[in-house]
Amino acid sequence: MRLATWNVNSLGARLPLVLEWMAANEPDILCLQETKLADDAFPAATFADLGYESVHHGDGRWNGVAVLSRVGLERPSCGMGDAYDVHGCRLLAATCAGIRVHSVYVPNGRSVGSEHYLTKLDWLARLREYLAEQYDPGDAVAMCGDFNVAPTDDDVWDPAQFVGSTHVSEPERAALGAILDWGLEDAFRRFHPGGHVFTWWDYRAGSFHKGQGMRIDLVLLSKSLSGRCRSVEVDRDARKKSPAGNKPSDHTVVVAELADA
DNA sequence: ATGGTTGCGAAGCAA
């Protein structure tokens with residue numbers, strides 16, 4: 001079972017690359033973020049032709065999340081069931097092969113102390129509540145997406161460059177930690193304890209080729225799933241211009257392999 | 001060198 005997550009920075013712009021990647025990598029479940037599409041523009045029929053059921057939650061301009069699955073897709077659910085969803089289309093859940101899969105797009109926060117930063121902290125706190133309301137830690141829960149938080153200093157290329165910035169602040173890391181403390185594991189970490197593997201690089205200043213990135217795209221697994229997890233890898237190649245010439249997102253794909261239940 | 005790039009949408013904002 002191959003479970004992948006990718007912030008595509010506009011599915012409208014990225015669809016050729018997404019299709020190219022899917023054909024080469026055959027994910028069973030694929031979570032997308034930042035589709036920037038309205039629901040009626042989401043190319044569900046294109047994915048259906050490839051054997052994927054899909055569900056999308058988007059407003060057409062910003063944000064937008066999707067779940068694609070070729071192993072079943074049941075009980076789709078948008079948002080957190082309350083007013084927090086009006087902050088954007090940032091959470092979408094579906095049950096795929098017995099796994100409650102979530103595509104997550106945490107607010108960016110812009111700058112520490114800003115109104116947007118406080119909204120980000122609130123959103124993360126609400127996500128912690130949502131987990132406790134909806135699930136038991138013994139359930140098979142996967143939270144996949146762009147968390148816009150680098151869990152540790154080993155997840156940024158140079159901590160000195162991030163002093164005072166978002167994505168690394170103590171309150172953001174504490175809010176993510178509270179989500180993990182509910183009963184989720186940052187599955188990547190167990191396989192790559194040394195860190196310095198990144199999922200996002202700024203488009204500007206040659207950041208990708210200089211290795212100047214952050215790991216902010218995460219696969220969080222509850223205990224029953226982390227026990228089945230055999231690998232988590234970052235597909236760095238998907239951050240390059242593709243063989244077919246398609247331009248990349250500023251994020252790349254994270255792929256987890258799960259053994260059968 | 002206080003820069004740089006992309007997407008959306010048609011100027012400037014968000015990331």
Side-chain angles (χ1 to χ4, degrees), chain A residues 5-21 31-43 56-66 84-92 103-124 144-151 155-158 160-169 171-173 175-176 198-218 234-242 244-254:
Chain A
T5 184
W6 197 357
N7 178 324
V8 295
N9 185 21
S10 171
L11 186 58
R14 211 66 59 210
L15 185 61
L17 180 62
V18 171
L19 296 175
E20 188 181 347
W21 187 88
C31 297
L32 303 177
Q33 299 88 38
E34 270 204 275
T35 62
K36 299 185 180 179
L37 294 178
D39 288 337
D40 59 9
F42 181 75
H56 178 261
H57 178 42
D59 68 12
R61 290 183 299 170
W62 308 108
N63 313 328
V65 284
Y84 280 82
D85 193 35
V86 305
H87 286 296
C89 302
R90 297 181 176 276
L91 182 69
L92 178 59
S103 185
V104 182
Y105 180 44
V106 175
N108 175 283
R110 300 193 194 178
S111 59
V112 172
S114 70
E115 172 187 347
H116 299 278
Y117 176 80
L118 299 177
T119 296
K120 178 181 191 174
L121 294 180
D122 284 346
W123 199 93
L124 286 164
C144 309
D146 176 3
F147 283 78
N148 270 316
V149 179
D155 299 306
V156 300
W157 66 277
D158 180 5
Q161 300 292 326
F162 289 85
V163 173
S165 297
T166 57
H167 297 67
V168 301
S169 74
E172 290 166 271
R173 286 177 171 169
L176 176 61
F198 309 128
T199 66
W200 173 89
W201 299 260
D202 199 306
Y203 279 127
R204 297 169 290 186
S207 297
F208 177 66
H209 296 290
K210 296 178 193 168
Q212 299 179 347
M214 288 193 279
R215 187 174 71 93
I216 55 177
D217 299 273
L218 309 178
V234 173
D235 185 352
R236 194 173 175 281
D237 287 343
R239 181 58 177 75
K240 305 172 183 174
K241 187 164 79 172
S242 77
N246 293 308
K247 293 197 298 183
S249 171
D250 47 355
H251 297 249
T252 195
V253 196
V254 181

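Residue numbering restarts at 1 for every chain, and letters A, B, ... go by the order of the sequence lines.
- Comparing the P positions of dC13(B) and dG3(B) gives a spacing of 15 Å, expressed to the nearest Å.
- Straight-line distance from the CG atom of Asp202(A) to the C1' atom of dG3(B): 11 Å, rounded to whole Å.
- Of the residues Thr199(A), Asp217(A), Asn9(A), the one that meets the side chain to side chain donor-acceptor pair (under 3.5 Å) test with His251(A) is Asp217(A).
- Looking at Lys120(A) and His167(A), their side chains come closer than 4.5 Å, going by heavy atoms from C-beta outward.
- For Ala205(A) and Asn63(A), each mapped to the nucleotide of DNA chain B holding its nearest heavy atom, the one lying further toward the 5' end belongs to Ala205(A).
- A distance of about 16 Å separates the C1' atoms of dA11(B) and dT6(B), rounded to the whole Å.
- Atoms OH (Tyr203(A)) and P (dT5(B)) sit 13 Å apart, rounded to a whole Å.
- Atom P of nucleotide dA14(B) and atom CH2 of Trp200(A) are separated by 17 Å, given to the nearest angstrom.
- Looking only at side-chain heavy atoms (C-beta outward), Ile216(A) and Asn7(A) stay at 4.5 Å or farther from each other.
- An OP1 or OP2 oxygen of dT6(B) is reached within less than 4.0 angstrom by no side-chain nitrogen or oxygen of Arg204(A).
- One C1' atom belongs to dG9(B), the other to dA14(B), and the distance between them is 13 Å to the nearest Å.
- Phosphate proximity of dG9(B) to Lys36(A): absent, as no side-chain N or O sits under 4.0 Å from OP1 or OP2.
- Checking dG7(B), dG9(B), dT5(B) against every side-chain atom of Ser10(A), the shortest atom distance belongs to dG7(B).
- Using modelled atom types, one finds no donor on one side chain facing an acceptor on the other under 3.5 Å when comparing Asp146(A) with Trp200(A).
- Taking atom C1' in both dA15(B) and dG4(B), one finds a spacing of 13 Å when rounded to whole Å.
- For the pair Phe198(A) and Val234(A), the minimum side-chain heavy-atom distance is 4.5 Å or more.
- Look at CD on Gln33(A): it is 14 Å from C1' on dA15(B), rounded to the nearest Å.
- When each of Arg110(A) and Arg61(A) is assigned the nucleotide of DNA chain B with its nearest heavy atom, Arg61(A) is the one assigned upstream, toward the 5' end.
- In this structure, Lys247(A) atom NZ and dT5(B) atom P are separated by 12 Å, rounded to whole Å.
- Distance, Arg239(A) CZ to dA15(B) P: 17 Å, rounded to whole Å.
- Here the nucleotide nearest the side chain of Arg14(A), chosen from dA14(B), dC8(B), dT6(B), is dT6(B).
- The distance from atom NE2 of His116(A) to atom P of dC13(B) is 12 Å, rounded to the nearest whole Å.
- Taking atom CG of residue Asp250(A) and atom C1' of nucleotide dA14(B), one finds them 11 Å apart after rounding to whole Å.
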